[in-house]
J.: 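My structure is below; once you've seen it, I'll send some questions.
Here the structure is a predicted model, which means the values were calculated and not measured.
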Amino acid sequence: MECISVFDMLKIGVGPSSSHTLGPWRAAEQFLKELRERNLIDTVIGVKVDLYGSLSLTGKGHATDLAVMLGLSGADPEYIPVESIDVIISAIKNKKEIFLGNEILIPFCFETDIVFNRNFLPFHANGLTFTAKTDTETYSETYYSIGGGFVVKEKEDHHKEEILHTFPFPVEKADELLAFCAAENKKISEIVYENEKTMRSEEEIHNELLRIWDTMLECMYIGCHSEGILPGGLNVRRRAYDMHKNLIGVLPYEDPYSWLQIIRQTEVKFRQILKWVSCFALAVNEVNASLGRVVTAPTNGSAGVIPAVLMYYLVIENHEAGEKEIKQFLMVAGEIGSIFKKGATISAAMGGCQAEIGVSSAMAAAALCELMGGTPAQVTMAAEIAMEHHLGLTCDPIGGLVQIPCIERNTMGAIKAINAAELALETDALNAKVPLDKVINTMWQTAKDMNSKYKETSEGGLAVAVNMSDC
């Protein structure tokens, strides 16, 4: 059974896409690692990158080409100063050379050494091949970005980690999770915590969960305080800035944490709550669209839902909440996301936007439900309700950019998550007609039945109904 950590589902990286930016970036890093292991990197005289399928069709809009160059340069998406990205890319383009792995300078032509192939490789819609040439040999490897920043090879043993490590409470399906909760008399977050402790110390878990939250909070803060036009050519104006300005008024604050405290003092009416939640979600995904730092939750395109719902709980529902509740929320969210990944997909190229916004909404609904006092059965019910009302959601980004309709969909996913949690809390879980596992199975079947043009290819839906020129 696959052991997926909370920190696998919630990764810190750079936008705009976990599958089309972060994944290819990580694949480039893996290729560099393999070159080093084979003692080839010092002898490389040229590198070529072939992008296939969805990575090719929407790669320009998702900055896939930029991501592979940054990865080949040895930059780490988790820690690279985002302001240095343009500097690195400009240097590669202008000088027509790349500092491979930050070790050796080789010729690299941006226009010809990255090839966009429209055909799909059989294993997964997001395939890419790296080829390195030396004076004596050519070395190639093909990788697949399977969503959420996860990268695999077609022929490798994808279960290698679970052979090396097993959880005390291994979970493949929601029913298994509920059985562990009942047998141990524990909340879902407590089961997750016991699993995580077999991989990291309690201090590491504490620090990493709060680092994830700090990144989410900073992302919302930056998005709410940045105005202007998003890059890419659609001329999309940032909306979080104006919305936040109208909501916050003249109340003073100095940093993200004092900002959070100030929001707790603002007017709380239904319309204001809707606006605040929407503002938080918009802020994150506007930062994501401008190659800012976000947390995959479970993907970059859906990165705004979970922080928006958690922020809602902190500033609206429970002003006394702090680190304990933040960690609890993130652990539940990560576990629900991992069940979706095991039973279906979190890749829009494989399953449409139901695999991104639908899953993120389910993760957020479940986490909020536990914080609000829901039983484990009500928590999984909240996840089920949220996904049930995203089934069949297509992925049709205009211009291949993670902007329209992607940014707004995060606001909808966040609001649906809150609604789903409330519905679950008001329901006796024994009366539930549709278990979470059935919805996950249905989602996967829907994904397989969905026409490829309504997945992450920009070949159907709004992506063709609306032209770049219309914007």
J.: Between the side chains of E408 and R239, is the shortest nitrogen-to-carboxylate-oxygen separation below 4.0 Å, so that they form an ion pair?
T.: yes
J.: Any ring-ring contact (aromatic ring centres under 6.0 Å, His included) pairs touching residues 348-402, not counting sequence neighbours?
T.: none
J.: Within 45 degrees of the axis of the six-membered ring of Y193 and under 6.0 Å from its centre: does K327 put its NZ or CZ there?
T.: no
J.: Return the set of residues passing ring-ring contact (aromatic ring centres under 6.0 Å, His included) with Y454 (not counting sequence neighbours), or none when no residue passes.
T.: none
J.: Who are the salt bridge (Lys or Arg N to Asp or Glu O under 4.0 Å) partners of D437, not counting sequence neighbours?
T.: none
J.: Does the side chain of Q261 pick up a donor-acceptor pair with the side chain of H319 at under 3.5 Å?
T.: no
J.: Does this structure show an ion pair linking E190 with K187, if we count only N-O contacts that are shorter than 4.0 Å?
T.: no
J.: Can you tell whether the side chains of R200 and E196 come within less than 4.0 Å, N to carboxylate O?
T.: yes
J.: Quick one: does NZ or CZ of K153 land under 6.0 Å from the six-membered ring centre of Y144, within 45 degrees of the ring axis?
T.: no
J.: In chain order, what residues pass the salt bridge (Lys or Arg N to Asp or Glu O under 4.0 Å) check against E422, with sequence neighbours excluded?
T.: none
J.: To the nearest 0.5 Å, what is the distance between OG on S18 and CZ on R26?
T.: 12.0 Å
J.: With D428, which residues qualify under side-chain hydrogen bond (donor to acceptor under 3.5 Å, both in side chains), at least two apart?
T.: none
J.: Below 4.0 angstrom, N of the basic side chain to O of the carboxylate: do K453 and D396 qualify?
T.: no
J.: Which donor-acceptor pairs under 3.5 Å do side chains of residues 170-182 form with protein atoms, sequence neighbours excluded?
T.:
residue : atom : partner : partner atom : Å
E176    : OE1  : E172    : N            : 2.6
E176    : OE1  : K173    : N            : 3.1

